[in-house]
Asker: 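I'd like to ask you about the structure that follows.
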Amino acid sequence: MTRLFNDPSLFADEMIEGFVAANHFQVRRVSGGVVRSTRSTPGSVAVVIGGGSGHYPAFGGLVGQGLAHGAAMGNLFASPSAQQVYSVSTAANNGGGLLLSYGNYAGDVLHFTQAQERLRGEGVDCRTVVVTDDIASATVAEKHKRRGIAGDLTVFKAAAAAAEAGYSIADVERVAILANERTRSIGVAFTGCTLPGADTPLFTVPEGRMAIGMGIHGEPGLRETDIPSADGLAELLVSELLAELPDGIADARGERVGVILNGLGSVKYEELFVVYRRTAALLEQAGLTVIDPEVGELVTSFDMAGVSLTLFWLDDELETFWRAPADTPAYRKGSVGASEQMDDSEMHDSVASDAQITPGSAESHDAAATALAAIEAVLAVIEINADELGRIDAVAGDGDHGVGMQRGARAAAVAARDADARGAGVETLLVSAADAWADRAGGTSGALWGVMLRALAAELGDTDAPTAMAVSAGVGAARTGIQSFGKAEVGDKTMVDAIVPFAESLATEVAAGVPLTAAWSTAADAATDAARATADLLPRMGRARPHAEKSLGTPDAGAHSFALIVQAVAAVFAAENGENQND
Ligand SMILES: Nc1ncnc2c1ncn2[C@@H]1O[C@H](COP(=O)(O)OP(=O)(O)O)[C@@H](O)[C@H]1O
Ligand SMILES: O=C(COP(=O)(O)O)[C@@H](O)CO
């Protein structure tokens, strides 16, 4: 249970503010997250990590000498936005290239990839290594689909220590890839976590039972058993990990391993030590030499009660990096040489300055007013339905869809109002709204709504009054954009299931000469039916994928919000045409 909060929707921001105030000697706040407060060697590689908040010390707590150079910090259990990753990366850049590293979650992948593309476009040698250590989350044949959990630390640390040692970006990337290949984790959970302001836990584990392999957002694992003794838990975790040796290691005997026994949020350190006592003995019996074990909270899941064990299979190079000193708010090891503090004036904070708005033509500015009215209607419908969207998402996702959509729609409305007041044409207004939405919402749907609104905007332009054909083409472009970006197909149980019939119906109606208002309304009904029908589907993408059966009977949250949105816009078009939508 989270007891201490103000406005739940401000929790992550307020947490970051307090975290920075408490750790000013190691980290400074920049837009999107934090960077080291100490000076790094000019020309060296910078390692930028990140992810949702709620996993402290991941991710901001792992920034400092010997570890990450910066962390993009998203909202609770939602990836940071591409803009956040970009600004933190820009602030952390030492001129020797950037390595982005984060756990393998859909929202993180979408946003970090966008940021990487932008940085590369600016000539920065930016590379990515995604952490995939959780052996419970996919088979060894599909290792690339595994989630990242406490093994984040071993990969981040190896990469950062390599950067600190003066390695080139190619070598830092090589070390990080090797570290990820050689890191394996498995977790168990005894209870779920409750996010600030929520009345009930995001997920539950029956009293007295333990979920083996449960992920850090409640993703289901392998199986459930009664809670064993501390020794029994050590035996289970060690045997699971020793059953899957990394490539190139035929026999555990004689190997050297870094070990992390990680508390997931509300397991006492004393309990962890009791579990570690047996863990250490078992590893020794297996012929392993343990190097610098860590017992404590390194990657958490808010207040979830659970434990994970990570083995980091070392070679000489990785061992050097694992042993290397570090000094971050949450992770200290050995003694790092004194490094100068940066002056605040030296911090390169690429906070988006007031974007220039070039006024559109009178026709396009009129269309922008309609677009603004549509965005206001979207905001209103999302505000009303936010709790419901959260409930739907909690059935099989991580329960943050309502909050994410709310943050996105609120930001889009603010940006659109400003663009409208400055005489923007419809393209410029929608681009402002798209960027604000993606930036404030984060998460998978934030990235996708940003892409859709930008694609729609590009077809409308800032000059001509948009025709029905142009709107239909814009919706078609939004559909293509989201599919090529998110890679979902119809039937995967995502918002694509509502968007595709919507775009197709709109195109058919408009091509047949039906006026936009009527065509949009028919298409919105098709989207609503399709969203409803997702209740019968099994998810194949996104956070809901591993919860397949659990989600039967519940529609997809993103498809449902899409249908609500296009219905709200239909009402705006109808009102502008002087029609009564209830007729
Ligand atoms: N690859 C994808 N393509 C299109 N839509 C997706 C994809 N993955 C997930 N979604 C949509 O995103 C919604 C979840 O959004 P949200 O809760 O904001 O994201 P997150 O899962 O990152 O917390 C899902 O209900 C689904 O409609
Ligand atoms: O949940 C996280 C990000 O993943 P989404 O796909 O945006 O839900 C985050 O907590 C881990 O980085």
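The first residue of the sequence shown is numbered 1, and numbering continues consecutively from there. Atoms within each ligand, like the ligands themselves, are counted from 1 in listed order.
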Asker: Counting heavy atoms only, which part of Asp492 comes closer than 4.0 Å to ligand 1: side chain, backbone, both or neither?
Answerer: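 Contact part for Asp492 vs ligand 1: neither.
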Asker: Under 6.0 Å between ring centres, would you say that holds for Phe203 and His217?
Answerer: no
Asker: Which atoms of ligand 1 are found less than 4.0 Å from any heavy atom of Ala557?
Answerer: 25 (O)
Asker: Which residue pairs pass the ring-ring contact (aromatic ring centres under 6.0 Å, His included) test when at least one of the two sits in residues 472-496, sequence neighbours left out?
Answerer: none
Asker: With sequence neighbours left out, what residues match Trp449 under ring pair (Phe, Tyr, Trp, His ring centres under 6.0 Å)?
Answerer: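 Trp449 satisfies ring pair (Phe, Tyr, Trp, His ring centres under 6.0 Å) with Trp437, Phe562 only.
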Asker: Can you figure out which of Leu76, Ile499, Thr444 has its heavy atom closest to atom 10 (N) of ligand 1?
Answerer: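 Minimum heavy-atom distance to atom 10 (N) of ligand 1 goes to Thr444.
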Asker: Working note: Asp7 + Ser9, criterion side chain to side chain donor-acceptor pair (under 3.5 Å); need CA distance, chi angles, decisive distance, verdict.
Answerer: CA-CA 5 Å; Asp7 175 348; Ser9 72; 3.0 Å; yes
Asker: Backbone N or O of Ile135 within a donor-acceptor pair of the Lys143 side chain at under 3.5 Å?
Answerer: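 No, Lys143 side chain to Ile135 backbone: no donor-acceptor pair under 3.5 Å.
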Asker: Using a strict cut-off of 4.0 Å, indicate which atoms of ligand 2 neighbour a heavy atom of Thr444.
Answerer: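 Ligand 2 atoms under the 4.0 Å threshold to Thr444: 6 (O), 7 (O).
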Asker: Please could you name the atoms of ligand 2 that His55 approaches to less than 4.0 Å, counting only its heavy atoms?
Answerer: 9 (C), 10 (O), 11 (C)
Asker: Quick one: do the Thr132 and Lys145 side chains pair a donor with an acceptor below 3.5 Å?
Answerer: no
Asker: Does Ser53, backbone or side chain, put an N or O under 3.5 Å from an N or O of ligand 2?
Answerer: no
Asker: Just checking Phe5 against Phe11, ring centres under 6.0 Å apart?
Answerer: no
Asker: Which residue from Ile482, Val496, Leu448, Asp497 reaches closest to atom 6 (C) of ligand 1 through any of its heavy atoms?
Answerer: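 Looking at heavy atoms only, Leu448 sits closest to atom 6 (C) of ligand 1.
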Asker: Any nitrogen or oxygen of His217, side chain or backbone, less than 3.5 Å from one on ligand 2?
Answerer: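 Among all N and O atoms of His217, at least one is under 3.5 Å from an N or O of ligand 2.
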Asker: Can you name the atoms of ligand 2, numbered from 1 with element, that are less than 4.0 Å from a heavy atom of Gly52?
Answerer: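 Numbered from 1, ligand 2 contributes 9 (C), 10 (O), 11 (C), 12 (O).
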Asker: Going by an N to O cut-off under 4.0 Å, is there a salt bridge joining Arg391 and Glu388?
Answerer: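 Looking at Arg391 and Glu388, the cut-off is met.
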Asker: When you compare ligand 1 with Asp556, is there at least one nitrogen or oxygen pair between them that comes in under 3.5 angstrom?
Answerer: yes
Asker: Which ligand 2 atoms, with their elements, are less than 4.0 angstrom from a heavy-atom of Ser79?
Answerer: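 Per the distance check, 3 (C), 7 (O).
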Asker: Will you find, in the side chains of Gln26 and Thr328, an N or O donor that is under 3.5 Å from an N or O acceptor?
Answerer: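 Gln26 vs Thr328: no donor-acceptor pair found between side chains.
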Asker: Heavy atoms only: which of Ser445, Gly408, Pro539 lies closest to atom 18 (O) of ligand 1?
Answerer: Ser445
Asker: Of all the atoms in ligand 1, which lie at a distance below 4.0 Å from a heavy atom belonging to Asp400?
Answerer: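 The list of qualifying atoms is 17 (O), 23 (O).
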Asker: Side-chain donor-acceptor pair under 3.5 Å between His401 and Ser561, yes or no?
Answerer: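 Judged by distance alone, the side chains do pair up.
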Asker: Check for me whether Ala106 has a heavy atom closer than 4.0 Å to any atom of ligand 2.
Answerer: yes
Asker: Find all atoms of ligand 2 within a distance of less than 4.0 Å from any non-hydrogen atom belonging to Gly107, and give their numbers and elements.
Answerer: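 This gives 5 (P), 6 (O), 7 (O) as the contact atoms.
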Asker: Counting from 1, what ligand 1 atoms have a heavy atom of Gly443 closer than 4.0 Å?
Answerer: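 The list of qualifying atoms is 22 (O).
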Asker: Got an N/O contact under 3.5 Å between Gly443 and ligand 2?
Answerer: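 Not met; the criterion fails.
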Asker: Less than 6.0 angstrom separating the ring centers of Tyr56 and Phe19, yes or no?
Answerer: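 Ring centres of Phe19 and Tyr56 closer than 6.0 Å.
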Asker: I want to know if ligand 1 touches Met495 in the polar sense, i.e. an N/O pair below 3.5 angstrom.
Answerer: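 Checking ligand 1 against Met495, an N or O pair does fall under 3.5 Å apart.
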Asker: Can you spot which of His111, Gln114, Arg118 makes a side chain to side chain donor-acceptor pair (under 3.5 Å) with Gln83?
Answerer: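 By the side chain to side chain donor-acceptor pair (under 3.5 Å) criterion, Gln83 pairs with just one of His111, Gln114, Arg118: Arg118.
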Asker: If I apply the N/O under 3.5 Å rule, does Gly558 come out as touching ligand 1?
Answerer: yes
Asker: Distance under 4.0 Å to a non-hydrogen atom of Gly51: what atoms of ligand 2 satisfy this?
Answerer: 12 (O)
Asker: Is there a polar contact between ligand 2 and Phe77, counting only N or O atoms under 3.5 Å apart?
Answerer: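 It does: an N or O of Phe77 is found under 3.5 Å from an N or O of ligand 2.
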Asker: Counting C-beta onward and ignoring hydrogens, is there a side-chain heavy-atom pair between Asp556 and Asp497 closer than 4.5 Å?
Answerer: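 They are not in contact (no side-chain heavy atoms under 4.5 Å apart), so the answer is no.
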